[in-house]
Participant: 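Can you read through this structure? Questions will come right after.
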Amino acid sequence: MLNLEELADLIEKNRGAARARVKEFSIGGRPFSFNSKPAIMGVINLSADSWYRESVCLNAEAAMRRGRVLQAQGADMVDLGAESTLSHAARANDAIQNSRLLPVVKALRSADILVSVETYQPAVARASLEAGANVLNLTGTDAAAEMSRMASAHDAALILCYVQGPTVRDVGDFDLSPDPVASMHEHFARLIETALKNGAEKILIDPGLGFYYRNLQDSAVRVRHQMTVFLNSFRLRALGFPICHALPHAFEYFGEEVRCAEPFFAVLAALGKTDLFRTHEVPRVKAVLDLLRSY
């Protein structure tokens, strides 16, 4: 069981990283003070394959309603996805993704809601940025240079995800090293160098804890890995850029109370100095963060 002694040892070994500060910047004209106040990203899934039913919206009108609700609940921005990352989910080509995304991007931006688009496809990213998207949530590595140039051209932020494969849909077994954060540090250092060389300046990094690998189907193995990375995330802030985390579900443990899983993981993510919390449960996670700030 997690205990204070383990947390104290973690800090003792990484005091320099614990003091690291990250770059702060504006997104869509709104300043984000990551070093003093974390931000919240709500989720809208435009694919019927997504299992988190509360976030699924199958038309632009439903997505617009949910976007307004998420904003009222405290989301600083909304992340849109048009293809589920579940291993069994149907692939959605560029045309399908654009048909789902673009009307929603335009509608949300017309309501002054900041929009992130999750994709690994350059054509989808380009069309979304032209429609007004403020953030590219890059769930692959193959197109990092091209996506960086696009983000720079549109003054958009870029989320670089840790993916052990060319895209989130093309992964196999996860390489569970004894210290996963050290491997992530090397991975992100390379991606950040590529992004900076191609003009991207507003960069966040995401350890990719919500992605589906074949050998992480054992819930105990997966949750231990997730908890370890959450608590060690502050070490990645030494790279100089804010950390984004997609909060997972652990439904094998939470069962009928699965909607409490993301708020639980938010506590661990906050202890690890996460800067942007991606969640389907905006009001619950906001309440957790507000309470932690009151200490």
Side-chain angles (χ1 to χ4, degrees), residues 24 26-34 36-48 50-82 84-85 100-101 103-118 128 132-135 137 157 159 204 206 209-210 230 242-251 254 256-295:
E24 298 179 340
S26 295
I27 300 175
R30 299 179 200 174
F32 283 79
S33 302
F34 295 115
S36 56
K37 184 182 179 183
I40 296 176
M41 171 188 278
V43 179
I44 297 177
N45 293 312
L46 303 175
S47 166
S50 299
W51 79 271
Y52 214 97
R53 307 318 300 171
E54 291 77 14
S55 67
V56 174
C57 298
L58 299 183
N59 58 61
E61 292 75 18
M64 186 63 191
R65 287 195 299 271
R66 177 165 170 79
R68 288 186 180 277
V69 168
L70 291 171
Q71 183 185 51
Q73 291 174 333
D76 297 287
M77 66 187 76
V78 173
D79 190 47
L80 304 177
S84 173
T85 59
R100 295 170 178 173
L101 285 165
V104 181
V105 172
K106 293 175 182 177
L108 292 175
R109 290 303 298 129
S110 69
D112 201 28
I113 296 173
L114 296 180
V115 175
S116 165
V117 170
E118 178 187 299
S128 296
N134 309 102
V135 181
N137 189 356
I159 301 176
L204 300 98
D206 181 344
L209 296 184
F230 277 133
I243 308 299
C244 171
H245 264 305
L247 301 177
H249 314 125
F251 51 85
F254 284 85
E256 293 183 0
E257 300 300 327
V258 69
R259 296 188 68 181
C260 298
E262 292 189 20
F264 164 74
F265 284 114
V267 174
L268 302 183
L271 291 174
K273 296 196 172 186
T274 296
D275 301 289
L276 177 61
F277 293 73
R278 181 185 182 275
T279 178
H280 303 80
E281 300 290 348
V282 168
R284 291 176 169 87
V285 168
K286 182 179 184 300
V288 167
L289 297 180
D290 288 346
L291 181 59
L292 289 173
R293 276 195 293 270
S294 73
Y295 180 73

Participant: To check you understand the geometry: which heavy-atom pair defines the closest contact between M64 and A111, and what is its length?
Facilitator: CE-CB, 3.2 Å

Participant: Heavy atoms only: give me the nearest P31-G29 pair and the separation to one decimal.
Facilitator: CD-O, 3.8 Å

Participant: Yes or no on side-chain contact (heavy atoms from CB on, under 4.5 Å) for D76 and Q71, after CA distance, side-chain angles and deciding distance?
Facilitator: CA-CA 7 Å; D76 297 287; Q71 183 185 51; over 6 Å; no

Participant: Measure the shortest side-chain to side-chain distance between V105 and L80 over non-hydrogen atoms and say whether it is less than 4.5 angstrom.
Facilitator: yes

Participant: Quick one: pull up CG in N45 and NE2 in H280 and give me the separation to the nearest 0.5 Å.
Facilitator: 4.5 Å

Participant: Between E262 and P248, what is the shortest heavy-atom contact and its length?
Facilitator: CG-O, 3.3 Å

Participant: Could you check whether any side-chain heavy atom of V115 comes within less than 4.5 Å of a side-chain heavy atom of V78, counting everything from C-beta outward?
Facilitator: no

Participant: When rounded to the nearest 0.5 angstrom, what distance separates CG in N134 from OG in S128?
Facilitator: 11.0 Å

Participant: Find the distance between CG (L268) and OG1 (T274) and round it off to the nearest 0.5 Å.
Facilitator: 9.5 Å

Participant: Which distance, rounded to the nearest 0.5 Å, do you find between the NE2 of H249 and the SG of C260?
Facilitator: 13.0 Å

Participant: Applying the side chain to side chain contact (heavy atoms under 4.5 Å, CB included) criterion to R278, which one of L247, I159, V285, V43 satisfies it?
Facilitator: V43

Participant: If every non-hydrogen atom of V282 is compared with every non-hydrogen atom of A75, which pair is closest and at what distance?
Facilitator: CG1-N, 3.7 Å

Participant: Do T279 and I40 make a side-chain contact, defined as non-hydrogen atoms from C-beta onward lying under 4.5 Å apart?
Facilitator: yes

Participant: Nearest 0.5 Å, what's the CG-CG distance between L276 and D79?
Facilitator: 9.0 Å

Participant: Given side-chain contact (heavy atoms from CB on, under 4.5 Å), test R66 with L70 step by step and report yes or no.
Facilitator: CA-CA 6 Å; R66 177 165 170 79; L70 291 171; 3.7 Å; yes

Participant: List the atom of G28, the atom of L114, and the distance in Å for their closest heavy-atom pair.
Facilitator: CA-CD2, 3.9 Å

Participant: Is there side-chain contact between R293 and P38, with heavy atoms separated by less than 4.5 Å?
Facilitator: yes

Participant: Please name the pair of heavy atoms, one in I44 and one in G67, separated by the smallest distance, quoted to 0.1 Å.
Facilitator: CD1-N, 3.7 Å

Participant: If you measure from CZ on F230 to CZ on F264, what distance do you get to the nearest 0.5 Å?
Facilitator: 9.5 Å

Participant: Restricting to side-chain hydrogen bond (donor to acceptor under 3.5 Å, both in side chains), what partner residues turn up for R68, sequence neighbours left out?
Facilitator: none

Participant: With a 4.5 Å limit on heavy-atom distance, are the side chains of I113 and M77 in contact?
Facilitator: no

Participant: Going by ring-ring contact (aromatic ring centres under 6.0 Å, His included), name the residues that satisfy it together with F32, two or more places apart in sequence or in a different chain.
Facilitator: F34

Participant: Do D112 and R30 have side-chain heavy atoms sitting under 4.5 Å apart?
Facilitator: yes

Participant: Could you check whether any side-chain heavy atom of L289 comes within less than 4.5 Å of a side-chain heavy atom of K37, counting everything from C-beta outward?
Facilitator: no

